[in-house]
Amino acid sequence: MRILVSGGAGYIGSHTTLQLIAAGHDAVIADDFSRSKRSVIPRLEALAARPIEVRVVDLTDRAATDALLESAGFDAVIHFAGLKAVGESVSKPLDYYRVNLGSTLSLLAAMARQGVPSIVFSSSATVYGEHAPVPMEEDFPTSATNPYGWTKVMQEQVLRDAAVADPSLRVALLRYFNPVGAHRSGTIGEDPSGIPNNLMPLLAQVAVGRRDKLLIYGDDYPTPDGTGRRDYLHVEDLAAGHVAALDRIAGSATQVSTWNLGTGTPTSVKEMVDAFSRACGHELSVEVAPRRSGDIAESYADPSRAEAELGWRATRTIDEMCADTWRWQSNNPDGYPV
Ligand code: UDP
């Protein structure tokens, strides 16, 4: 298939692009490089051992998105592009609604115009909201606690409604739990712009000396060691989930499919700190701080639907996730060059 990968220069998009190429697909990256770096492209080309077509496009621009899809012969879109920093979404909600919803609306309109039948969407376990029991199942109700989360809830709804109106449209809503890790080569990985929000890039930056210590946000949760538990999955497992979903929805009788992508096994903050210390070979400085507002005690998937319907399972261990993150971070202490 010829696939448009929006946000293909980003963390999950770049790993998925490589796996699409390895699976024999033709992947075209569309990215505005507002939160990613151009230097990722030659690295991807080196790993893929072939040139990769890249289009620099702002997907909120309807005319530019139409032009991108026009006569390009795409069979599917994988839509990663978007803003994803929870804290920033609280201070800049309008940017989040404009960019995240706007890009999805332009892509769907352009897809309808060009007759592109399939879209795989980068959703998040954040759509289960604050009060979901664990493990989380796809049929649970959705809600959110911040504008970023609402954009995911709303984008899912837009995609469902578009499918009702167009019986030829096929949609996969992939709800990611906590993606971490990096390609084994250590040449591509997660490079958040500004101060990271997530545990793994923060741990990696402490390990490499870019920050003094990790703050553990709360050790009084109702969990075995008192720290929050999450379902971390290796980005390479996550990328494989996209390839499987794309194959599954093409020509499927089901119009909209929703799949959790997680391991089903939670790991606490303290367990992650210990695992990362083993990976980098030294102790990491930590300090217990108050809970972070909006955090929940536990989030982990029931991944059985993805296993049954996609034949997909996350197989890489926490130690592999930490070792691969460390290889990337220690080879690239400041992330990608410009
Ligand atoms: N966390 C932490 N210190 C940090 C960042 C995160 O203790 O500096 C904790 C956070 O409270 C949560 C877990 O690590 O229990 C994962 O947080 P992250 O932001 O990576 O993922 P999310 O909470 O969005 O699932």
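Every number for a ligand or one of its atoms is a count from 1 in the order of the listing.
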Any Pro192 side-chain heavy atom under 4.5 Å of Arg35 side chain: no
Ring geometry between Tyr148 and Tyr96 (parallel below 30°, tilted from 30 to 60°, perpendicular above 60°): perpendicular
Any Arg184 side-chain heavy atom under 4.5 Å of Asp324 side chain: yes
Identity of the nearest option to atom 5 (C) of ligand 1, non-hydrogen atoms only, from Tyr217, Tyr148, Tyr232, Tyr176: Tyr217
Trp328 and Tyr336 aromatic ring geometry - parallel, tilted or perpendicular at 30°/60° bounds: tilted
Parallel, tilted or perpendicular, as decided by the 30° and 60° cut-offs, for the rings of Phe80 and His242: tilted
Nearest-contact summary for atom 22 (P) of ligand 1 - protein heavy atom, Å: Arg230 NE, 3.5 Å
Per-atom contacts, ligand 1 versus Asn178 - under 4.0 Å to a heavy atom: 21 (O), 22 (P), 25 (O)
Closest approach of any protein heavy atom to atom 20 (O) of ligand 1, naming residue and atom: Leu199 N, 2.8 Å
Ligand-side contact atoms (ligand 1) for residue partner Val269, heavy atom cut-off under 4.0 Å: 7 (O), 9 (C), 13 (C), 14 (O), 15 (O)
Sub-4.0 Å atoms of ligand 1 with respect to non-hydrogen atoms of Leu202: 4 (C), 5 (C), 8 (O)
Heavy-atom nearest neighbour in the protein, as seen from atom 24 (O) of ligand 1, with distance rounded to 0.1 Å: Asn198 ND2, 4.2 Å
Parallel, tilted or perpendicular: ring planes of Phe121 versus His79, cut at 30 and 60 degrees: tilted
Atom indices of ligand 1, in the order listed, that fall short of 4.0 Å to a heavy atom of Ile216: 7 (O)
Region of Arg229 that comes within reach of ligand 1 [heavy atoms, distance under 4.0 Å]: neither
Residue, atom name and distance, where the atom is the protein heavy atom closest to atom 19 (O) of ligand 1: Arg292 NH2, 2.7 Å
Test item: side-chain donor near acceptor, Tyr128 and Arg175, under 3.5 Å: yes
Working for side-chain contact (heavy atoms from CB on, under 4.5 Å), residues Tyr221 and Arg291: CA-CA 9 Å; Tyr221 282 106; Arg291 291 181 181 190; 3.5 Å; yes
N-O pairing of Glu156 and Lys152 below 4.0 Å: no
Atom 3 (N) of ligand 1 - nearest protein heavy atom and its distance: Leu215 O, 2.6 Å
For Asn197, atoms of ligand 1 separated by under 4.0 Å from a heavy atom: 5 (C), 19 (O)
Atom indices of ligand 1 within 4.0 angstrom of Asp295 heavy atoms, with elements: 10 (C), 11 (O), 23 (O)
